[in-house]
Enquirer: 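Below: one structure in structure tokens.
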Amino acid sequence: MENFEFVSPTHFVFGRDAELQVGEKLAERGAKKVLLHFGGQSAQKSGLLDRVKGSLDAAGIEWIELGGVRPNPEINLSREGVKLCKENDVDWVLAVGGGSVIDSAKAIAVGAHYDGDVWEIFESKEQVTDVLPIAVVLTIPAAGSEASKNTVVSNDELGMKTGYANNAQRPKLAFMNPELTFTLPPYQTAAGITDMYCHLLERFFCDVGPVPVTDNLCLSLMRTIRAEAPRVMVDPEDYEARANIMWAGMLCHQGLAGVGRHEDWATHGMEHELSAYDTTITHGAGLAVMFPAWMEYVCEENYDRFIQYGREVFGLVITGDKEADALSAVDETRAFFSSLGMPATLQELGIESEEQLEEAIAEMLPTLKINKGEPFGNFKKLTVEDAAEIYRLAF
Ligand code: NZQ
Ligand code: ZN
């Protein structure tokens with residue numbers, strides 16, 4: 001087991017009506033003025049925003065609001081948020097939404113007491129320590145940003161989507177009410193499930209030997225997600241299944257499922273380039289296409305790891321033909337994502353011809369190199385030329 005540090009400061013309030021405790025819990029922590037940050041429409045339409053505002057009012061906490069976060073959030077809105085925080089002496093940032101809203105909130109919290117432009121931090125990766133505390137009301141289980149140390153934000157002007165990791169931006173409070181996810185469109189539910197599952201794949205496929213305590217946590221979460229996913233797809237108001245998926249999404253990405261190993265993250269890197277190339281691509285859908293392609297490309301590095309995964313998650317019987325057994329595990333993964341209604345090819349994501357594919361690759365590789373460096377990934381060290389081959393496999 002590799003040495004590690006693990007920080008997890010998040011206080012979770014989980015279950016029905018969790019969001020009604022927002023005001024009380026923030027007041028206990030001394031919050032005086034909150035920036036309430038949210039997305040397009042869903043939180044408004046469902047009445048969630050009004051309930052959160054009511055809870056803040058009842059606790060005597062002042063708030064100002066900034067909505068309009070789009071999926072694949074853009075830095076300009078975070079810049080606006082930073083300005084609002086500076087002008088209004090905001091002391092907490094409260095995100096009501098999914099990964100995009102939370103990530104935008106993290107950028108705001110990190111930039112609020114920073115002297116320069118917040119994008120500089122995404123470039124320099126400086127570990128700023130003076131970060132506003134963040135609270136989250138989660139509305140979609142997917143990115144795991146409600147407890148993770150990461151944020152991922154797009155800069156349309158530069159054509160980039162860039163991640164930034166810092167334990168200081170882990171949310172201090174996360175309110176998780178599974179009922180809030182009943183209104184999710186099936187595509188978003190499916191993309192979220194795919195994303196959380198891929199957060200486990202990124203950790204399970206690594207370049208160090210077995211770490212049973214961590215490996216088994218991953219495998220158990222994979223089995224749980226596989227079992228609960230069809231239940232929420234069939235009945236979006238199945239509270240128990242929604243609750244299991246919601247908690248799983250957090251466990252997949254807060255960090256425990258990766259400790260003691262070198263995580264991979266090559267596929268997330270390649271997907272982030274895709275959703276920077278076309279900002280309408282949903283992160284989970286991009287992963288559903290890219291992950292099986294990556295698996296096919298790298299599995300010969302360690303067939304046994306793939307065979308273990310296939311046996312323990314899909315119940316595959318070992319035939320003794322290592323390559324065939326490993327590829328069966330890849331096929332099962334692709335079939336799982338397809339069963340949720342996720343795409344399987346880049347063509348389904350709107351890259352229509354080989355010519356467009358090559359154009360996209362030419363656009364994505366330079367920013368991939370800036371974001372990930374070279375080589376990147378750990379299970380197999382990849383060059384950007386390898387990435388080009390993987391995009392072609394995914395086409
Ligand atoms: O904007 P609204 O109207 O709220 O609609 C959203 C959005 O269109 C909708 N939605 C959310 N909750 C809903 C709902 N619709 C109905 N009912 C609800 N309860 O869902 C759409 C997608 O929302 P978004 O926040 O974009 O989804 P997700 O949580 O999947 O976040 C994706 C973003 O997170 C990043 C991704 O790259 C992507 O930008 N990631 C962040 C990570 C992190 N911070 O640790 C790790 C991940 O690997 C990922 O990269
Ligand atoms: Zn992800």
Side-chain angles (χ1 to χ4, degrees), residues 8 10-21 42-43 46 48 95-99 101-102 136-148 170-171 173-204 213-259 282-285 287-288 291 309 312-315 332-333 335-342:
S8 185
T10 313
H11 177 125
F12 298 98
V13 181
F14 190 98
R16 291 186 171 93
D17 293 334
E19 69 276 14
L20 300 181
Q21 296 185 49
S42 70
S46 65
L48 171 62
V96 178
V101 175
I102 302 168
V136 169
V137 178
L138 186 67
T139 63
I140 169 172
S145 192
E146 63 274 19
S148 79
R170 286 188 190 255
L173 269 171
F175 300 87
M176 299 169 70
N177 174 357
E179 286 182 332
L180 299 180
T181 69
F182 289 179
T183 54
L184 279 168
Y187 191 78
Q188 290 299 338
T189 297
I193 289 169
T194 304
D195 187 22
M196 65 180 75
Y197 190 87
C198 290
H199 294 159
L200 299 171
L201 295 177
E202 296 281 15
R203 295 180 161 94
F204 184 77
V213 62
T214 303
D215 294 349
N216 288 325
L217 184 59
C218 276
L219 293 166
S220 153
L221 283 166
M222 288 173 185
R223 284 193 294 269
T224 304
I225 293 167
R226 286 239 310 132
E228 300 302 306
R231 295 176 60 198
V232 299
M233 296 312 294
V234 168
D235 179 4
E237 301 202 2
D238 180 335
Y239 179 87
E240 294 302 324
R242 286 286 195 190
N244 277 279
I245 287 288
M246 193 175 217
W247 192 239
M250 189 286 295
L251 290 169
C252 290
H253 197 44
Q254 118 277 32
L256 269 188
V259 295
T282 301
H283 172 62
L287 289 172
F291 233 109
Y309 163 67
E312 302 217 13
V313 179
F314 300 102
E332 289 291 338
T333 308
F336 172 49
F337 297 153
S338 296
S339 76
L340 302 173
M342 285 287 98

Enquirer: Taking all heavy atoms of R170 and all of S8, pick out the closest pair and write down the distance.
Expert: CD-CA, 4.4 Å

Enquirer: Check whether any side-chain N or O of T139 sits under 3.5 Å from a backbone N or O of L180 as a donor-acceptor pair, and report yes or no.
Expert: no

Enquirer: Got a sec, which residues hit ring-ring contact (aromatic ring centres under 6.0 Å, His included) with F14, two or more places apart in sequence or on another chain?
Expert: W247

Enquirer: Using the side chain to side chain contact (heavy atoms under 4.5 Å, CB included) criterion, which residues pair with S46? Sequence neighbours excluded.
Expert: L48

Enquirer: Indicate yes or no: at least one non-hydrogen side-chain atom of Y309 is less than 4.5 angstrom from one of C218.
Expert: no

Enquirer: Would you find a donor on one side and an acceptor on the other, under 3.5 Å apart, between the side chain of R203 and the backbone of C252?
Expert: yes

Enquirer: For a 4.5 angstrom cut-off between non-hydrogen side-chain atoms, does L201 reach M222?
Expert: yes

Enquirer: Measure the spacing between CZ of F204 and CG of L221 and express it to the nearest 0.5 Å.
Expert: 12.5 Å

Enquirer: Measure up the F182 and Y239 rings against each other and bin them: parallel (under 30°), tilted (30 to 60°), perpendicular (over 60°).
Expert: perpendicular

Enquirer: Is there a donor-acceptor pair under 3.5 Å between the side chain of R242 and the backbone N or O of E237?
Expert: no

Enquirer: Search all heavy atoms of E146 against all heavy atoms of G249 and return the closest pair with its distance.
Expert: OE2-C, 4.1 Å

Enquirer: Taking side-chain contact (heavy atoms from CB on, under 4.5 Å) as the criterion, tell me which of D195, I245, V232 meets it with P141.
Expert: I245

Enquirer: How close do T10 and A174 get, counting heavy atoms only, and between which atoms?
Expert: CG2-CB, 3.8 Å

Enquirer: Taking the six-membered ring for Trp, are F291 and Y197 closer than 6.0 Å centroid to centroid?
Expert: no

Enquirer: Which heavy atom of A43 sits nearest a heavy atom of V96, and at what distance?
Expert: CB-CG1, 4.1 Å

Enquirer: At what distance, to the nearest 0.5 angstrom, does NE2 of H199 lie from CG of L251?
Expert: 13.0 Å

Enquirer: Is L20 close to F175 at the side-chain level, that is, under 4.5 Å between some pair of heavy atoms?
Expert: no

Enquirer: Under the 3.5 angstrom rule, does the side chain of T194 hit a backbone N or O of A285 as a donor-acceptor pair?
Expert: no

Enquirer: Quick one: does V313's side chain get under 4.5 Å of L219's, heavy atoms only?
Expert: yes

Enquirer: Out of N177, T183, T181, which one pairs with E179 under the side-chain contact (heavy atoms from CB on, under 4.5 Å) rule?
Expert: N177

Enquirer: For a quick test of reading the model, state the closest non-hydrogen atom pair linking G192 to A142 and the distance between them.
Expert: CA-CB, 3.3 Å

Enquirer: Mind listing the closest non-hydrogen atom pair of S148 and P171 along with its distance?
Expert: O-CD, 3.8 Å

Enquirer: So do I193 and I225 actually touch side chain to side chain, heavy atoms under 4.5 Å?
Expert: yes

Enquirer: With rounding to the nearest 0.5 angstrom, report the CG to CD distance, N244 to E240.
Expert: 7.0 Å

Enquirer: By the side chain to side chain donor-acceptor pair (under 3.5 Å) test, which pairs, at least two apart or in different chains, include something from residues 220-230?
Expert: E228-R231

Enquirer: Can you tell if the side chain of T282 reaches within under 4.5 Å of the side chain of Q188, non-hydrogen atoms only?
Expert: yes

